[in-house]
Peer 1: 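I'd like to ask you about the structure that follows.
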Amino acid sequence: SATYAPSTASATLNGSGDAATANLSLRLRNGTLSGAVGASDGLGAPSNATVTVRDGTGAVVATVDADPNGSYEVTLAPATYDLTADAQAFDAANATNVTVGPNATTTRDFGLDPRPATLSGVVTVADGGDPIENATVTVETATDPPTAATAATGTYSLTAPRGNYRVAVTADGYRDAARTLTLPANGSVAADFALATPPEFLVDRFSGPSPVERGADAAFDAEVRNAGGVRGDATVTFAVPRTGTTRSTTVSLAPVASRT
């Protein structure tokens, strides 16, 4: 029978015409419980998942470790069971009233929720290292991006789902900064950011003859300085309002550098 396991019994017959009784007890064949323990976010399955099987009294009747791909399988007596799947760095998931039939396979898959990662660090000024208050740190997830504002000490801390994300930092008066980080489930990642001040061009000196006679040539000089924190290009334009004549030149200046 596909439902019952074979059973045997012995009886002794001493001679012709003897009769004997043999009682046979048939036992239901065991069934199979199998499935996969994956992750609800669709990323990699837990590598260390365990499925625990309890009977109707709550007693543990089996514990099986899933393989590195999340697959598991266990042989059980026909009955109804409660299951728990858990893994390090993931929240456990339960399934109740799972019936395993004789000589049959019952499949039950799990999708575990990964616990969030913690991202923390310090945001400072690139030139000098002073902390930046109220900078915004954003983990650019597809939906509901987690954000945090830095404290007066420049520190920040936030939680975000696991994965690879671009983390962007913005602050008034500074150049934006960003990098791609890998955030593991239930893990902690430290990431500091140094923001540069944008180019800021100042004219420190302007010289030339005054007045200039109509039709005469004249030479003028302007000294331009980059007071910002990063290199930038500045365009200096000399204009003669009365004639509409203009002449421009572009210079590239490193921080603190000046040029005439």
Peer 1: Would Leu183 and Val167 count as a side chain to side chain contact (heavy atoms under 4.5 Å, CB included) here? Give the steps.
Peer 2: CA-CA 11 Å; Leu183 304 182; Val167 179; 5.6 Å; no
Peer 1: For a quick check under 3.5 Å, do Thr155 and Thr153 share a side-chain donor-acceptor pair by atom type?
Peer 2: yes
Peer 1: Please tell me whether Ser207 and Arg205 have a donor and an acceptor in their side chains that are separated by less than 3.5 angstrom.
Peer 2: yes
Peer 1: Looking only at heavy atoms, what is the nearest atom pair of Arg162 and Ala39, with distance?
Peer 2: NH2-CB, 3.2 Å
Peer 1: Side-chain donor-acceptor pair under 3.5 Å between Asp113 and Ser40, yes or no?
Peer 2: yes
Peer 1: Just wondering, are more than 12 heavy atoms of other shown residues or ligands nearer than 6.0 Å to CG in Asp172?
Peer 2: no
Peer 1: Should the ring pair Phe220 and Phe206 be called parallel, tilted or perpendicular, given that the plane angle runs from 0 to 90° and is split at 30 and 60?
Peer 2: parallel
Peer 1: Just verifying a value: how many Å separate Asp130 CG and Thr124 OG1, rounded to the nearest 0.5 Å?
Peer 2: 8.5 Å
Peer 1: To the nearest 0.5 Å, tell me how far Leu202 CG sits from Glu223 CD.
Peer 2: 11.0 Å
Peer 1: Distance-only criterion, 3.5 Å: show the donor-acceptor pairs between side-chain atoms of residues 173-182 and protein atoms not counting sequence neighbours.
Peer 2:
| from | atom 1 | to | atom 2 | distance (Å) |
| --- | --- | --- | --- | --- |
| Arg179 | NH2 | Asp192 | O | 2.4 |
| Thr182 | OG1 | Asn164 | OD1 | 2.6 |

Peer 1: Check whether any side-chain heavy atom of Thr150 sits under 4.5 Å from a side-chain heavy atom of Pro131, and report yes or no.
Peer 2: no
Peer 1: Would you say the side chain of Val189 lies within less than 4.5 Å of the side chain of Pro184, judging by non-hydrogen atoms?
Peer 2: yes
Peer 1: Going by atom types only, do Asp86 and Thr50 share a side-chain donor-acceptor pair under 3.5 Å?
Peer 2: no
Peer 1: Side chains of Thr57 and Asp55: is there a donor and an acceptor less than 3.5 Å apart?
Peer 2: yes
Peer 1: Any side-chain donor-acceptor pair under 3.5 Å between Thr250 and Thr235?
Peer 2: yes
Peer 1: Kindly give the heavy-atom pair with the smallest separation between Ala49 and Ala87, and that separation in Å.
Peer 2: CA-CB, 3.8 Å
Peer 1: Short question: side chain of Thr141, backbone of Thr143 - any donor-acceptor pair under 3.5 Å?
Peer 2: yes
Peer 1: How about CG on Asp144, more than 12 heavy atoms from neighbouring residues, nucleotides or ligands closer than 6.0 Å, or not?
Peer 2: no
Peer 1: Indicate the atoms forming the closest heavy-atom contact of Ala135 with Ala171, along with that distance.
Peer 2: CB-CB, 3.8 Å
Peer 1: For Pro114 versus Ala185, what's the shortest heavy-atom pair and its separation?
Peer 2: CB-CB, 3.9 Å
Peer 1: Can any side-chain N or O of Ser71 pair as donor or acceptor with the backbone N or O of Ala36 at less than 3.5 Å?
Peer 2: no
Peer 1: Quick check for you: to the nearest 0.5 Å, what is the distance between Asn134 atom CG and Thr170 atom OG1?
Peer 2: 10.5 Å
Peer 1: Using side-chain heavy atoms (C-beta onward) and a distance below 4.5 Å, is Ser157 in contact with Thr118?
Peer 2: yes
Peer 1: Do you know which of Thr106, Thr75, Asp109, Thr107 makes side chain to side chain contact (heavy atoms under 4.5 Å, CB included) with Ser34?
Peer 2: Thr107
Peer 1: For Asn94 and Thr84, test the side chains for any donor-to-acceptor distance below 3.5 angstrom and give the result as yes or no.
Peer 2: yes
Peer 1: Tell me if the CG atom of Asp127 is crowded by more than 12 foreign heavy atoms within 6.0 Å.
Peer 2: no
Peer 1: Starting from Val51, walk the hydrophobic network (Ile, Leu, Val, Met, Phe, Trp, Tyr; side-chain heavy atoms closer than 4.5 Å) and list everyone else you reach, by chain and number.
Peer 2: Leu33, Val37, Val53, Val61, Val64, Tyr72, Val74, Leu76, Tyr81, Leu83, Phe90, Val98, Val100, Phe110, Leu112
Peer 1: Could you measure the distance from the CG atom of Asn226 to the CG atom of Asp233? Nearest 0.5 Å is fine.
Peer 2: 10.0 Å
Peer 1: For Leu158 and Thr147, work out which heavy atoms get closest and say how close.
Peer 2: CD2-C, 3.9 Å
Peer 1: So, Asn103 side chain and Asn30 main chain: donor-acceptor pair closer than 3.5 Å or not?
Peer 2: no
Peer 1: Please find the pair of heavy atoms, one from Val122 and one from Tyr156, that lie closest to each other, and give the distance.
Peer 2: N-CE2, 3.8 Å
Peer 1: What do you reckon, is CD of Gln88 surrounded by more than 12 foreign heavy atoms closer than 6.0 Å?
Peer 2: no
